[in-house]
Protein chains: 2
Amino acid sequence: MAKLTIRDIAALSGLSKSTVSLVLNNSPKVDPATRRHVLAVMRRHRYVPSFAATALAKGSTRLIGMVVPGLSWHMVASINIGVAAVTERSGFDIILYTATNDRDYGSLIDRILTSSMASGLLVVSHEQPLEPLVQLHEEGLPVVLVNTIDADVALPSVTADNYDGALTAMDHLLQLGHERIACVQGRMTYRCCQDRYRGYLDSLRSAGLQPDPELTKPGDFLPEQIRSRSHELFALPADQRPTAVFAHSDVTAYAVMTAAAEAGLRVPEDVSVIGFDDIESAAQIRPPLTTIQQPFIDMGKRAAEMLLAEIGPTDDSSEADVVEPPAELPRLVMPTSLIVRASCGPVPVTRSPRGRSQTTKA
Amino acid sequence: MAKLTIRDIAALSGLSKSTVSLVLNNSPKVDPATRRHVLAVMRRHRYVPSFAATALAKGSTRLIGMVVPGLSWHMVASINIGVAAVTERSGFDIILYTATNDRDYGSLIDRILTSSMASGLLVVSHEQPLEPLVQLHEEGLPVVLVNTIDADVALPSVTADNYDGALTAMDHLLQLGHERIACVQGRMTYRCCQDRYRGYLDSLRSAGLQPDPELTKPGDFLPEQIRSRSHELFALPADQRPTAVFAHSDVTAYAVMTAAAEAGLRVPEDVSVIGFDDIESAAQIRPPLTTIQQPFIDMGKRAAEMLLAEIGPTDDSSEADVVEPPAELPRLVMPTSLIVRASCGPVPVTRSPRGRSQTTKA
DNA sequence: ACCTTGCCTGCAATCGGTTTCAGTACGAGC
DNA sequence: GCTCGTACTGAAACCGATTGCAGGCAAGGT
């Protein structure tokens, strides 16, 4: 009943505290037979070393903090799968910080890191200022940003190649013959959305097309707003109306498709829609959504690996000029991939009868 | 640079270790002025007491474990919002356990609880055997089940009233005049799905209708399977085809609607579909889904509150016959609510031209 | 018979707090 | 001038591990 301590295990197995501790720490200086015996005793009595005591003595908790903007996004759920797979394998556990609106990040980070509650921090899609993190990182605290939304900060990060993804999406539409391609943006304060929009613009321009400001609509990931702005798009006279829409996310694409249906337009016959993310339901809706897949699970894995690598070597390297990582900040940019389903088709034949010349491809 | 300790703060503020500790623990025995001074010194030097040391000394981590089956479900995300709101307010943090396929639950639970890493456990929609948890709970370890899928176990729990929700859903359909109502089931090993099915059957029977086994289809929450089984439903001859479908979840309802569209049936004109959950996109799809809302956020809150209540009173009550909670296991069953949108309509008039006699309504 | 080597013991310090307790300094109240 | 209460001190024990070190004991090599 009363919690067992290492001392009890020592007594029960007829050995000394030191030896038991050595067993716990996989020291090679213990006879294999003895080790087995001790482990058997532990198992029999369901002994598990005190987490707090171990943490205090070792100076490390084997806990990593994960800050997320909420769990409801596909992205977060997927990243977590990757992270969990890696941390679990390495015997780390995850402290979850759901970043609600009003939380005070400064003190949160202090709580986690300064109290050495967590050995490292994984920050997913953070909307808050990152300066405090940069400072802590310079002081030697492992931090990795996943899917960061900020412009370049001096922190290791793992992101998807949003710019290239946008290029790929646009390429797909261009190859189908579309020229009047609209863009329904996500939250433009996010780096990823800026990148996607940059890709949109560059792609048009390098195809010799002039981006039409009329065809760019803010959406901010809000279904209602997306729908009403899409209606503006579809209400345009036929020769100005877009034949395709590049949506900054899959749920944005859903809303665009809904608006299209409400406007009496069929997807993909009248208008093509391409999304971004490849969320689970993308394959299930009607029509199945063509989209750009982001490798979230892998991003989670890689991020966790990077973090563990940063943590690993020196468990508490408060000694010795710690400043080794100026070498080069690891910044992983992972490739996206085009998933072709059924929401994009060739440009409607009835439209644009005048001499469309296929612009030369790069 | 080197981490500050309570001893440093004592020196810096010209006081003793004891006093500083008293300040940290909000003891009333410290002069308010002194307290302010100490706090100022702490803030100035960004001191945060060591998590491990505090945990060791106090015998409690203020960490609660949350075991979830994955983050990708709406349910889990919502429950977490509620849980986080409560724990955050009480200064607890959450250790997240994503229950992947192969994880060894026994050892996991030992790690968390026996090592007193977490002061309590919140188990969300658990598919694993619960006996070890029951045992630990009897030994005095706080556990609360949220949205449990098991039959009654001797553990405190918070669930939605799935049976009543099913009744409400069916009532809605019955009132619209439907009599041939199909049921596309979820994972029938889950308690919640059993309850929903029970509600379906009871509702039919109490309306004087004979449940038609032909109209019950397993779905197991798998979109592909749901679609193909729904096709069987819609391929039935017109007089045997269901005029309404009660789907065991919203995503199930989506798949049913997709199948309907593929079969050339319109929702709700030709067939009504009602879901269960009220996930975010339910209002966004076409047609907006009528569904039964589960109060997940509140469930999370209540569960967290129950858990904290169990933890709260006695921080480390290893003394004194701990066995107080046999009194009554708190089992909270929370009401669901019908959200009427547009996916359900009156029974089609064109159908059943031959002498369908409207059975007497209750 | 001597020296290694391998395995283990016991003791003690350490991690950074909490908590208790006897004791002190100081000002107020009588 | 005495007592009392308040606010604080300093020392010490404690939480349950890790780690280092001196030393013991037995088996094995030479």
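Throughout, protein chains are lettered first and strands after them, A, B, ... in sequence-line order, and every chain is numbered starting at 1.
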Polar atom pairs between nucleotides 27-29 of chain D and protein, under 3.5 Å, N or O only, would you list them?
none

- Message: Other residues, nucleotides and ligands only: do more than 12 of their heavy atoms fall within 6.0 Å of CZ on A/Arg331?
- Response: yes
- Query: Tell me: CZ of B/Arg7 to P of D/dG10, nearest whole Å?
  - Reply: 12 Å
- Considering residues at least two apart in sequence or located in another chain, which fulfil the side chain to side chain donor-acceptor pair (under 3.5 Å) criterion with A/Thr19? A/Ser16
- Taking the side chain as every heavy atom from C-beta outward, state whether A/Val83 and A/Val86 have any pair of such atoms under 4.5 Å apart. no
- Item | Partners meeting side chain to side chain donor-acceptor pair (under 3.5 Å) with A/Arg44 (sequence neighbours left out) | none
- Task: List the atom of A/Tyr97, the atom of A/Ile112, and the distance in Å for their closest heavy-atom pair.
- Result: CE1-CD1, 3.3 Å
- Message: Please list, in numerical order, the residues of residues 10-20 of chain A that have a heavy atom closer than 4.0 Å to any atom of DNA chain D.
- Response: A/Lys17, A/Ser18
- Atom pair distance, as rounded to whole Å: CZ in B/Arg36 and P in D/dA7: 13 Å
- Note on the structure: Per the under-4.0 Å heavy-atom filter, residues of residues 23-31 of chain B near DNA chain C come out as B/Leu24, B/Asn25
- Of all residues at least two apart in sequence or in a different chain, which pass the side chain to side chain donor-acceptor pair (under 3.5 Å) check with B/Ser27? none
- Note on the structure: Taken in chain and number order and not counting sequence neighbours, the residues that satisfy side-chain contact (heavy atoms from CB on, under 4.5 Å) with B/Glu131 are B/Pro129
- Query: Once you round it to whole Å, what is the distance between C1' of C/dC21 and CG of B/Leu22?
  - Reply: 13 Å
- Task: Scan residues 27-43 of chain B for pairs that pass salt bridge (charged side-chain N to carboxylate O under 4.0 Å, His left out), counting only residues two or more places apart or in two chains.
- Result: none
- Query: Looking only at heavy atoms, what is the nearest atom pair of B/Val38 and B/Ser13, with distance?
  - Reply: CG2-OG, 4.4 Å
- Message: Can you pull out the residues from residues 42-57 of chain A that lie within a 4.0 Å heavy-atom distance of DNA chain C?
- Response: A/Leu56, A/Ala57
- Nearest-angstrom distance from the residue atom CG of A/Asp8 to C1' of D/dG16: 11 Å
- Message: If we ignore hydrogens and angles and just use 3.5 Å, is the side chain of A/Thr61 paired with the main-chain N or O of A/Met117 as donor and acceptor?
- Response: yes
Protein-nucleotides 24-27 of chain C N/O pairs under 3.5 Å:
none

- Item | B/Arg111 and A/Asp93 ion-paired at < 4.0 Å | yes
- A/Leu4 atom CG is separated from D/dA17 atom C1', nearest whole Å, by 14 Å
- Query: Do B/Asn80 and A/Thr98 have a side chain donor and acceptor closer than 3.5 Å?
  - Reply: yes
- Query: How many Å lie between NZ on A/Lys58 and P on C/dA13, as a whole number?
  - Reply: 23 Å
- Message: Taking the side chain as everything from C-beta on, heavy atoms only, tell me whether B/Met334 gets closer than 4.5 Å to B/Thr159.
- Response: no
- Task: Compare every heavy atom of B/Gly120 with every heavy atom of B/Leu307, then report the nearest pair and how far apart it is.
- Result: CD2-C, 4.0 Å
- Set of residues satisfying side-chain contact (heavy atoms from CB on, under 4.5 Å) with respect to B/Ile6, sequence neighbours excluded: B/Lys17, B/Val20, B/Ser21, B/Leu24, B/Tyr47
- How many Å lie between CD1 on B/Ile6 and C1' on D/dG10, as a whole number? 14 Å
- Message: Once side-chain contact (heavy atoms from CB on, under 4.5 Å) is applied, do any residues pair with A/Val48, and if so which ones, sequence neighbours excluded?
- Response: B/Asp110, B/Thr114, B/Ser115
